[in-house]
Number of protein chains: 2
Amino acid sequence: MNIGAASRASGVSQRMIRHYEQIGLIPGAARRDSGYRDYSEADVHRLRFIANARDLGFAISEISTLLALWSDQRRASSEVRSLALAHAEELGRKARALEAMRQTLLTLAQQCHGNDRPDCPILQRLED
Amino acid sequence: MNIGAASRASGVSQRMIRHYEQIGLIPGAARRDSGYRDYSEADVHRLRFIANARDLGFAISEISTLLALWSDQRRASSEVRSLALAHAEELGRKARALEAMRQTLLTLAQQCHGNDRPDCPILQRLED
DNA sequence: TCTGCACCTTTACATCATGTCAGGGTCAGG
DNA sequence: CCTGACCCTGACATGATGTAAAGGTGCAGA
């Protein structure tokens, strides 16, 4: 399977497939005589795994660990679980930070009459 | 005031002060004969404004607009308000996305007994 | 006055994940 | 054999920020 087909089958862009290969997240693909990369079903399976992990917000370094655990038949599921929980906590931190910013902005916007006069508590707050 | 003092007074790193100057977010600083940048209290005030806006998650392009509105005495506060509300909505979108990822991970982790056996619903889910 | 240290200057490279473009080679059908 | 679709590598861009190198400046103390 050429890279285009592998990309369509996995949902990972050709650009990122080559990138993942370059940074060592996935092994170098087999090559045809022409130099074209050649992917197996197992390769596509791994790419889908990566795409799903990315969708859950895992960073490449975390995915690298997940891939190792995935292919380790003797792995302990507790390792995967604690990685997932740590990541969930990190996501929660980020979500709460964004939410706090949002609340601040909403409060300020509420205090801003939003007419065509120049005074605005939002700008005043930014000056402090 | 040299850049180091301006940095300490505003909370913006020297690196970012120079960067903001380079990308045109702030005007080029006055220079001494030595070539050293020289900052006024007004310059520091503007840098603090930028730092506060960054803390609220505004992107540089949005801050550029905010700075223009800030220095425009004839501005309408409604412009500032709608910019803030649009940004708040964007923050909400991102926060909800992170929260959805987090919930997915928590659900999966709950289904994972987390012992030393290899089967793990988290990894299974990533395979789909 | 010389010396040393703290500060300043510019330039460049790194991050992270991803897009896009350029300049070329390959393959398959008509 | 030509054409269009595909593939290759390499390079540049994003956004916000850090760090490092190589060199000039300014001031205080010996």
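Small disclaimer: the values here were computed from a predicted structure and weren't measured. Numbers restart at 1 for each chain; the letters A, B, ... are given by sequence-line order, proteins then strands.
Not one side-chain nitrogen or oxygen of A/Tyr20 sits closer than 4.0 Å to the OP1 or OP2 atom of C/dA17.
Both A/Ile23 and A/Arg32 lie close to DNA chain C; mapped to their nearest nucleotides by heavy-atom distance, the more 5′-ward contact belongs to A/Ile23.
Note that NE2 of A/His87 and CG of A/Leu66 are 9.0 Å apart. Values are rounded to the nearest 0.5 Å. Remark: A/Ile50 CD1 to A/Arg46 CZ distance equals 7.0 Å, nearest 0.5 Å.
Using a distance-only test at 3.5 Å, with no hydrogens or angles considered, no donor-acceptor pair links the side chain of B/Ser7 to the main chain of B/Ile3. Between the A/Asn52 side chain and the B/Asp128 main chain, a donor and an acceptor come within less than 3.5 Å of each other.
Residue A/Arg125 comes nearest to A/Thr104 through the heavy atom pair NH1-CG2, 3.6 Å, listed as atom of the first residue, atom of the second, then distance. Of all heavy-atom pairs spanning B/Ala84 and B/Phe58, the tightest one is CA-CZ, 4.3 Å. When every heavy atom of B/Leu25 is checked against every heavy atom of B/Ile60, the shortest pair comes out as CD1-O, 4.0 Å.
Using a 30° and 60° split on the angle between ring planes, B/His45 and B/Trp70 fall in the perpendicular class, above 60°.
Following rounding to the nearest Å, A/Ile63 (CD1) and C/dC16 (C1') show an atom-to-atom distance of 12 Å.
Nucleotides of DNA chain D that come within less than 4.0 Å of any heavy atom of chain B span, from the 5' end to the 3' end, D/dA16 to D/dG26.
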- Item | Nucleotide-resolved protein contact map, nucleotides 7-15 of chain C, B/S/- at heavy-atom distance under 4.0 Å | BSBB-----
